[in-house]
Amino acid sequence: MDSLTSPTPEISRTEALRRRYGATPPDDGPPSDGPWNETIASLLDHRSVRGFLADPLPAGTLETLIAAAQSAATSSNMQVWSAITVDDPATRKELASIAGNQKHIEQCPLYLCWIADLSRNERLGQAEQVELEALPWLETFMVACIDAALAAQNAVVAANALGLRTVYIGAMRNDPARVAALLGLPPRSFVVFGLCVGYADPEARNEVKPRLSQSTVLHRERYDATPERRDRALYDAELEKFSARNEMAATTWTRRVLNRMGPIASMNGRERLRATLARLGFEIR
Ligand SMILES: Cc1cc2nc3c(=O)[nH]c(=O)nc-3n(C[C@H](O)[C@H](O)[C@H](O)COP(=O)(O)O)c2cc1C
């Protein structure tokens with residue numbers, strides 16, 4: 001049970017960074033003597049899990065995760081997000097099918113849909129008989145998506161701290177209108193992504209997935225793409241080894257990005273998102 005309740009075993013800072021950046025990161029990564037504590041260790045230990053035990057979550061877990069989510073910063077304190085839990089097996093099955101049959105959606109003990117929710121403010125405006133002129137604008141839509149993402153990530157961090165594991169399900173956006181119908185969403189709300197939460201099945205391989213080196217993503221004063229080519233070659237080699245170890249098709253990061261962003265078919269219907277959002281009440285001017 002220990003490995004379930006504490007998925008962040010005591011590992012050194014050096015080892016945690018090695019897992020996060022791989023065995024051969026460029027030397028311009030984090031220094032060996034930077035700040036370190038349990039929270040950082042837990043953050044660096046993140047990995048998505050796609051195999052869950054059936055064990056239920058302790059009473060109050062959902063509400064604790066939501067309290068963590070509500071503790072995230074939120075634009076102008078408008079709190080333009082909501083979450084919906086889905087327990088009904090038939091609805092879970094439909095959601096899993098929308099998501100290309102991702103079985104973990106049916107297996108996990110807690111499935112949460114995170115909603116960019118402008119409907120609440122719309123109702124507020126109507127109740128107060130004030131037209132909310134800012135409602136249909138792209139900026140407001142982005143605020144709702146950002147709020148939902150920040151809230152969800154706080155819940156993910158809290159879940160990790162409780163010994164749970166998660167995986168986001170962006171594939172809810174394959175068919176947001178169907179998802180909205182299944183969940184009875186009002187106009188001007190849509191599921192940005194789902195989130196599976198539960199105890200990791202020890203059988204499911206779930207190694208920490210290395211990331212791009214810091215010299216690729218962190219710029220100082222001015223954007224500098226110079227290290228990118230060198231770093232990408234190193235990262236490709238790293239991810240190829242990671243994929244082989246984790247029983248995924250052993251391919252490079254470059255190849256994965258090309259597959260994911262090359263053909264329009266890889267969008268799985270999400271190329272229709274703008275039109276679907278319009279049907280869901282998001283005018284997005
Ligand atoms: C918004 C979002 C949507 C995602 N959607 C899915 C998904 O539908 N299915 C899935 O298996 N993983 C999904 N993921 C997980 C990513 O694939 C994963 O985070 C990435 O490969 C990095 O791996 P790691 O989380 O284990 O570090 C999603 C992640 C994010 C942030």
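Numbers for residues simply follow the sequence, beginning at 1. Atoms within a ligand are numbered from 1 in the order they appear, just like the ligands themselves.
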- Task: Quick one: do S215 and S213 satisfy side-chain hydrogen bond (donor to acceptor under 3.5 Å, both in side chains)? Show the steps, please.
- Result: CA-CA 5 Å; S215 39; S213 72; 3.1 Å; yes
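- With hydrogens and angles disregarded, no donor-acceptor distance shorter than 3.5 Å links the side chain of S189 to the backbone of D117.
- Side chain of R13 to backbone of G34: a donor-acceptor contact under 3.5 angstrom is found.
- Within the structure, salt bridge (Lys or Arg N to Asp or Glu O under 4.0 Å) pairs that include any residue of residues 206-226 comprise R205-E207, E207-R245 (at least two apart or interchain).
- Between I40 and P35, the closest side-chain pair of non-hydrogen atoms is not below 4.5 Å.
- Around ligand 1 you find H46, R47, S48, R50, Q102, V167, Y168, I169, G170, A171, K209, R211, each with a heavy-atom distance below 4.0 Å.
- G198 and L57 get closest at one heavy-atom pair: CA-CD2, 4.1 Å.
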